[in-house]
Protein chains: 4
Amino acid sequence: MPKLGMEPIRRAALVKATIDAIGRAGTLDVTVGEIARAAGMSSALAHHYFGAKEALFLAAMRQVLTDYGVEVRARLGAAGKDPRARLAAIVAAGFAPQNFRREVVGAWLTFYVLAQSVPEARRLLALYQRRLAANLTHALRPLAGARAPSVAARLGAMIDGVYLREALGAGPPDGAAAEAAVLAHLGCEIGEGR
Amino acid sequence: MPKLGMEPIRRAALVKATIDAIGRAGTLDVTVGEIARAAGMSSALAHHYFGAKEALFLAAMRQVLTDYGVEVRARLGAAGKDPRARLAAIVAAGFAPQNFRREVVGAWLTFYVLAQSVPEARRLLALYQRRLAANLTHALRPLAGARAPSVAARLGAMIDGVYLREALGAGPPDGAAAEAAVLAHLGCEIGEGR
Amino acid sequence: MPKLGMEPIRRAALVKATIDAIGRAGTLDVTVGEIARAAGMSSALAHHYFGAKEALFLAAMRQVLTDYGVEVRARLGAAGKDPRARLAAIVAAGFAPQNFRREVVGAWLTFYVLAQSVPEARRLLALYQRRLAANLTHALRPLAGARAPSVAARLGAMIDGVYLREALGAGPPDGAAAEAAVLAHLGCEIGEGR
Amino acid sequence: MPKLGMEPIRRAALVKATIDAIGRAGTLDVTVGEIARAAGMSSALAHHYFGAKEALFLAAMRQVLTDYGVEVRARLGAAGKDPRARLAAIVAAGFAPQNFRREVVGAWLTFYVLAQSVPEARRLLALYQRRLAANLTHALRPLAGARAPSVAARLGAMIDGVYLREALGAGPPDGAAAEAAVLAHLGCEIGEGR
DNA sequence: AATGAATGAGGATTCATTCAT
DNA sequence: GATGAATGAATCCTCATTCAT
């Protein structure tokens with residue numbers, strides 16, 4: 001008995017199932033059938049809602065980036081005006097338990113790969129990187145002055161690098177350690193905590 | 001016109017074609033047929049020599065890691081005893097023109113993904129990471145003392161992060177800029193050049 | 001023009017086509033494509049329903065054995081209590097026109113071969129042999145007493161031997177002659193009709 | 001260093017390897033490569049000597065039939081003139097240890113299948129059956145008179161049936177039991193040993 | 001809204017067979 | 001005499017996608 005207004009529910013379920021499936025498999029080699037089954041529906045319905053597999057992947061990617069963005073904004077809101085606190089908030093957002101689960105980390109990495117062959121994915125990723133850079137630069141301005149952009153670039157790279165390494169670690173990802181590594185780099189760049 | 005002793009030649013050609021194909025496509029979704037054709041032979045022959053697609057991928061990965069190792073050793077040999085020079089040599093090896101071509105960088109990223117689902121790939125990557133960490137730690141010992149291991153970990157993450165970002169850059173990868181970013185991080189960690 | 005509830009229809013059509021194809025070819029070397037085409041569908045659909053070629057073969061084998069079992073039970077039901085009549089019924093079942101067509105006989109032989117390499121096929125065949133032996137032994141008890149089991153074993157072998165020879169005969173299999181041969185053996189074993 | 005006069009040796013080795021391979025696998029699905037390797041040579045050489053896979057199979061079949069014929073003649077020679085002894089000799093030949101090994105029995109069965117699709121194989125098998133029938137009929141003449149041909153036919157079927165069942169038995173084939181079963185049938189047909 | 005039915009296209013893999021050496 | 005090299009031709013199987021219900 002199909003119900004009305006199912007569309008958003010179905011879409012969300014599919015997107016979630018996609019992220020989980022990709023993250024768990026560590027590959028983009030997941031079938032629409034698998035995803036749909038995990039989301040409790042037929043693959044035909046998945047196509048009905050997303051039209052094509054790639055669109056489903058992009059929606060999943062968008063979701064991951066959106067979740068991250070939401071987390072960042074929330075933490076920035078709580079961080080107040082202090083630049084150091086704002087930087088810490090941005091960094092912490094990426095390693096917060098919600099977004100730093102194994103599936104999400106695994107999915108993130110595969111999205112980097114997707115970005116190499118799918119222009120829209122590349123655009124999404126570039127957008128994320130620009131926003132991150134902007135946030136970091138803004139927060140760094142009072143602390144690093146003219147060096148802010150280049151420090152932000154390095155900080156962004158550091159975040160990605162640490163993330164990447166966690167994606168391949170054996171055990172469950174360790175958010176605290178990851179965060180500590182990035183903050184150590186940051187402290188060094190802005191002349192603290194040596 | 002079959003000749004004798006073709007095996008090593010064919011294998012090398014296939015490995016090279018594999019790296020190129022994966023790097024160019026930015027995906028592991030390349031067919032054995034494509035690769036074989038690029039290497040100038042039938043897909044059946046590729047299977048004859050490698051048995052299965054995965055073995056071909058692993059051979060390609062091994063090659064990339066080997067090439068990197070060779071580069072590192074060569075530069076370390078030329079760097080002499082000075083710790084700072086040795087660190088610079090290790091960093092520079094990763095961004096040297098031979099290994100920092102677009103295809104190689106793209107392939108490298110996909111290998112990270114492969115490592116998520118193929119144990120042997122994971123092992124290879126872990127081996128590379130351990131060697132890198134060991135090299136860095138050793139060179140850092142005189143400069144950072146007890147901090148050497150953690151500095152090495154961060155430096156390794158930074159290298160990966162910068163590499164990752166280059167993999168997605170629009171233009172051809174910029175080895176010099178990448179190297180500069182990593183060295184800036186290093187300088188900061190060991191108290192120079194701010 | 002897809003309809004609902006096609007599955008049993010398709011499965012049955014595939015099983016029938018498989019028996020025909022194997023029987024006609026006299027080999028297990030029939031492609032899924034051939035079978036599917038003969039059953040009026042794509043090979044992909046055959047895989048959809050059976051998963052793998054072997055499963056299709058086993059289903060065909062099961063069908064042949066089931067058909068035989070049905071025939072036996074029907075004839076036993078009609079044979080009443082008389083042991084001699086029951087034995088004749090069992091023998092006749094194997095050579096009844098429905099099951100003694102060239103394709104079925106040919107298929108039967110190839111299933112013997114399949115049983116040599118596929119455990120499940122071996123199990124099915126063993127089951128058939130046990131049932132046949134049990135039926136024969138039971139019916140022979142009043143006529144052969146303690147000798148019943150060994151007589152049943154020989155009778156079973158005779159049935160198989162006659163079947164085997166018909167499978168290779170030039171013309172269409174001759175059920176009446178085959179049956180007569182087996183009954184002659186039986187008569188001899190239980191002391192009649194010499 | 002190729003030697004002269006290798007041809008008969010190579011051919012024999014290939015034929016033997018073929019029988020073994022088919023018997024062991026219980027299928028005709030053995031590759032020329034496997035067989036050639038087992039015979040200690042390249043598959044190219046196998047083709048050089050036999051031209052095609054089917055010819056190799058036929059040669060193997062011929063060998064099996066020849067071996068059987070040799071055995072029969074040897075035992076008939078030793079049996080003297082007594083009809084009963086001659087019949088026993090013919091029967092025993094089929095179940096003699098040399099020819100009643102698992103591989104040979106398995107191969108025999110697959111050859112029956114081969115005969116269904118390869119005319120030359122059918123001819124070979126028919127030849128074997130005719131000779132067997134002739135031998136049996138001749139020996140039966142003094143014992144069964146005009147009934148000899150039909151008794152011979154049944155006896156042949158019995159031999160095949162018992163052989164077939166041994167081919168599928170779990171353990172190693174039991175020649176003695178098989179022979180006993182056939183002889184029991186024979187005794188019954190010619191009025192002995194009940 | 002939802003799905004079972006259905007398929008075309010494609011890809012990995014196998015293998016008999018050929019050929020130059 | 002012998003073989004490594006090489007391939008074309010299959011074949012199984014998977015999967016995204018479409019469609020009628």
Side-chain angles (χ1 to χ4, degrees), chain A residues 1-7 9-10 29-37 40-56, chain B residues 1-7 9-10 29-37 40-56, chain C residues 1-7 9-10 29-37 40-56, chain D residues 1-7 9-10 29-37 40-56:
Chain A
M1 277 160 260
K3 303 196 184 133
L4 295 174
M6 289 301 283
E7 173 149 1
I9 297 173
R10 294 296 200 186
D29 265 325
V30 281
T31 71
V32 174
E34 268 175 75
I35 294 171
R37 200 173 325 117
M41 71 196 82
S42 72
S43 70
L45 194 54
H47 273 93
H48 176 66
Y49 282 127
F50 283 92
K53 194 187 188 181
E54 196 178 289
L56 187 51
Chain B
M1 33 208 119
K3 302 262 173 70
L4 264 71
M6 291 301 284
E7 174 152 0
I9 300 172
R10 293 300 200 183
D29 264 326
V30 279
T31 70
V32 174
E34 271 175 72
I35 294 172
R37 202 173 320 117
M41 72 196 84
S42 73
S43 72
L45 194 56
H47 276 98
H48 176 65
Y49 283 125
F50 281 92
K53 193 185 189 180
E54 196 179 289
L56 186 51
Chain C
M1 22 191 131
K3 301 265 173 63
L4 264 70
M6 291 302 284
E7 174 151 1
I9 300 172
R10 294 299 200 184
D29 265 325
V30 280
T31 71
V32 174
E34 272 176 71
I35 295 172
R37 202 173 321 116
M41 70 196 84
S42 72
S43 72
L45 194 56
H47 276 100
H48 176 65
Y49 283 126
F50 282 92
K53 194 186 188 180
E54 193 178 292
L56 186 50
Chain D
M1 280 158 255
K3 305 200 183 130
L4 294 175
M6 290 299 284
E7 173 150 0
I9 298 172
R10 296 295 201 185
D29 265 326
V30 282
T31 70
V32 173
E34 268 176 75
I35 295 172
R37 201 173 324 117
M41 70 197 83
S42 73
S43 71
L45 193 54
H47 273 93
H48 177 64
Y49 282 127
F50 283 92
K53 194 186 188 180
E54 196 179 288
L56 187 51

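Values below: all heavy atoms of this structure, side chains included; hydrogens, waters and symmetry mates excluded. We name chains A, B, ... by the order of the sequence lines, and we start the count at 1 in each one.
One interatomic measurement links the two molecules: CZ of Arg37(C) to P of dG8(E), which rounds to 12 Å at whole-angstrom precision. In this structure, Asp29(C) atom CG and dA16(E) atom C1' are separated by 13 Å, rounded to whole Å. Atom-to-atom, CD of Glu7(B) to P of dA6(F) comes out at 10 Å; the value is rounded to the nearest Å. The distance from atom NE2 of His47(C) to atom C1' of dA9(E) is 15 Å, rounded to the nearest whole Å. Taking atom CG of residue Leu4(C) and atom P of nucleotide dA6(E), one finds them 10 Å apart after rounding to whole Å. Between the C1' atom of dT11(F) and the CG atom of Leu56(C) lies a distance of 14 Å, rounded to the nearest Å.
In this structure, of dA6(F), dT3(E), dC13(F), it is dC13(F) that holds the atom nearest to the side chain of Ala52(C).
Nearest-nucleotide mapping onto DNA chain E: of Ala46(C) and Glu34(B), the residue sitting toward the 5' end is Ala46(C). When the nearest nucleotides of DNA chain F are assigned to Lys53(A) and Ala44(B) by heavy-atom distance, the more 5′-ward of the two goes with Ala44(B). The nearest heavy atom of DNA chain E to Leu45(A) and to Arg10(C) marks one nucleotide each, and the one closer to the 5' end goes with Leu45(A). When each of Val32(C) and Ser42(D) is assigned the nucleotide of DNA chain F bearing its nearest heavy atom, the one mapping closer to the 5' terminus is Ser42(D).
For Tyr49(B), no side-chain nitrogen or oxygen approaches OP1 or OP2 of dG4(F) to under 4.0 Å. Side-chain nitrogen and oxygen atoms of His48(B) include none within less than 4.0 Å of the OP1 or OP2 phosphate oxygen of dT7(F).
For the pair Lys53(B) and Leu56(B), the minimum side-chain heavy-atom distance is 4.5 Å or more.
Take Glu34(D) and apply the salt bridge (charged side-chain N to carboxylate O under 4.0 Å, His left out) test, not counting sequence neighbours, and it matches no residue. For Glu54(B), the side-chain hydrogen bond (donor to acceptor under 3.5 Å, both in side chains) criterion is met by no residue, not counting sequence neighbours.
Closest heavy-atom contact between Ala46(A) and Ala36(A): CB-CB, 4.3 Å. Ser43(D) approaches Gly33(D) most closely through the heavy-atom pair CB-CA, 4.0 Å.
Here the NE2-CE distance, from His48(A) to Met41(A), works out to 11.0 Å after rounding to the nearest 0.5 Å. Atoms OH and CE, on Tyr49(B) and Met6(B) in that order, are 7.0 Å from each other to the nearest 0.5 Å.
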Which dot-bracket string describes DNA chain F (Watson-Crick N1-N3 plus N6-O4 or O6-N4, or G-U N1-O2 and O6-N3, all under 3.5 Å; [ ] crossing; | other strand)? .||||||||||||||||||||

